[in-house]
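Below is one structure, written out as structure tokens; the observations come after it.
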Amino acid sequence: MANHNLKITIHFFNEEPLAAARKLDLIGAESAAEILQEVPISVVSKVICAMLPSAAAKVLVLTADDFNYALFETIELADTAAILRYISVEERKRLIELIPKSRRALCKLLISYPENTVGALIETNILVIDSQMMVAEAILRVKKQNYFDSHEVLIVNSKRKIVGKVSVFDLLHAASATRISALVNKHVDTVNGLSDVSTVLALDIWQKTDAIAVINRKKEFIGILRHYDLRAFIARNEKVTTMPPSLSWEVADAYGYTLRSLSELFINTK
């Protein structure tokens, strides 16, 4: 791609990923794959996540392994799983090997849930503590956590079943030798991973929380579902299916003559 066109393309992709996703779908998977591999992965990730998973899947089977490896390191695990569901079993096995080892098993878990269920949208990298831990052990685990959804930590037993939750503040004020099971005093609301996303979105529970624990058929804890991710998933699907065809062109007009013509925007000059 000519340097001038590449700069405009990168800017367009970065500022309008949804419109860019629609354009890439129009020009076909092969051309889309060639273009995306010339764009910084931080920008590519926005466009890939804006595409329908089925369309993104057609592109990723045509891109290089190093490109896919970098992409899988950048995008959310739920987005990776959503795309891999639309790839043949044999091809999926190859691509899964490109996912960092620490995330591979969790990705397989997400893939096992249908796209319209909350199990496909869960965040799996969540701090939990074992009910048989001592407070001192739990605090060490808390200190290693870089991000918290709330000030409360879920407590599970040896079978990964949720037994309650405890406030970080209570942990800090408890004696170091206290067993975590002695601090459990809070009920935890849960939903099954196979629950339909629309049904869960309508639950009254969202009036008092931004995240809810998700369990599997065996009632084992598998992750949490954030209200934001649930709304974003539904909104993305609605936007893709209801967006008027003219919108992409309205966005393109704002970028001038080069963006008004797909043949000039996406031309390859190798």
Side-chain angles (χ1 to χ4, degrees), residues 17-22 24-25 29 32 45-61 68 71-72 74-93 95-96 99 103-126 149 154 160 162 188-245 247:
L18 185 60
R22 288 174 60 84
L24 290 176
D25 197 31
S45 62
K46 294 182 180 181
V47 179
I48 288 292
C49 291
M51 297 176 75
L52 286 174
S54 55
K58 294 177 182 177
V59 174
L60 294 195
V61 296
N68 288 328
L71 179 66
F72 293 152
T74 306
I75 65 177
E76 293 291 334
L77 205 55
D79 291 317
T80 300
I83 294 169
L84 293 180
R85 282 192 196 93
Y86 287 90
I87 295 176
S88 66
V89 175
E90 287 303 314
E91 192 68 21
R92 185 191 302 163
K93 288 179 181 178
L95 290 174
I96 284 178
I99 299 173
R103 310 176 76 194
R104 208 171 291 166
L106 296 177
C107 186
K108 291 179 180 179
L109 168 66
L110 295 181
I111 293 172
S112 68
Y113 283 94
E115 188 177 17
N116 65 328
T117 63
V118 298
L121 303 176
I122 60 173
E123 170 58 55
T124 54
N125 185 26
I126 300 300
D149 280 290
L154 289 172
R160 292 288 294 179
I162 300 173
V188 178
D189 291 305
T190 63
V191 293
N192 190 287
L194 290 171
S195 301
D196 181 84
V197 292
S198 299
T199 301
V200 174
L201 183 63
L203 295 177
D204 292 336
I205 187 66
W206 299 117
Q207 296 179 16
K208 60 180 181 178
T209 186
D210 292 322
I212 189 169
V214 182
I215 57 176
N216 61 17
R217 289 176 176 175
K218 297 179 180 179
K219 297 187 177 180
E220 298 165 331
F221 172 71
I222 59 174
I224 65 165
L225 173 69
R226 298 190 181 96
H227 192 223
Y228 170 83
D229 292 331
L230 184 60
R231 288 185 289 108
F233 170 79
I234 292 177
R236 182 175 66 180
N237 285 326
E238 289 178 347
K239 186 176 291 187
V240 170
T241 55
T242 61
M243 181 184 292
L247 183 56

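Predicted, not measured: the structure shown is a model, and the values here were computed from it.
I111 CD1 to I96 CD1: the interatomic distance, rounded to the nearest 0.5 Å, is 4.0 Å. Between atom CD1 of residue I122 and atom CD1 of residue I224 there is a gap of 9.5 Å, rounded to the nearest 0.5 Å. To the nearest 0.5 Å, the span separating CG on L71 from OG1 on T80 amounts to 6.5 Å. N116 CG to L121 CG: the interatomic distance, rounded to the nearest 0.5 Å, is 9.5 Å. Interatomic distance, R103 CZ to L109 CG, rounded to the nearest 0.5 Å: 13.5 Å. Atom CG of L60 and atom CG of L84 lie 8.0 Å apart (nearest 0.5 Å).
The heavy-atom pair separating N192 from N216 by the smallest distance is ND2-O, 3.6 Å. Counting all heavy atoms, side chain and backbone alike, A120 lies closest to A78 at O-CB, 3.6 Å. Taking both residues in full, the closest heavy atoms of V59 and A32 are given as CG2-CB, 4.0 Å, listed atom of the first, atom of the second, then distance. A pairwise comparison of heavy atoms in G119 and L110 identifies O-CD2, 3.1 Å as the closest pair. Heavy-atom minimum distance, A21 versus M51: CB-CG, 3.4 Å.
Contact check for I87 versus L95: side-chain heavy atoms found under the 4.5 Å cut-off. The closest side-chain heavy-atom distance from I48 to T74 is not below 4.5 Å. F221 is not listed as a side-chain neighbour of V188, based on a closest heavy-atom distance of 4.5 Å or more.
Just one residue in the list K218, R217, K219 forms a side-chain contact (heavy atoms from CB on, under 4.5 Å) with I215, and that residue is K219.
A search for salt bridge (charged side-chain N to carboxylate O under 4.0 Å, His left out) contacts involving R104 returns E97, not counting sequence neighbours.
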In residues 202-213, what donor-acceptor pairs under 3.5 Å come from side-chain atoms, sequence neighbours left out?
residue	atom	partner	partner atom	Å
W206	NE1	V200	O	2.8
T209	OG1	A211	N	3.3
T209	OG1	A211	O	2.8

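Among residues at least two apart or in separate chains, salt bridge (charged side-chain N to carboxylate O under 4.0 Å, His left out) pairs with a member in residues 83-92 are E90-K93, E91-R94.
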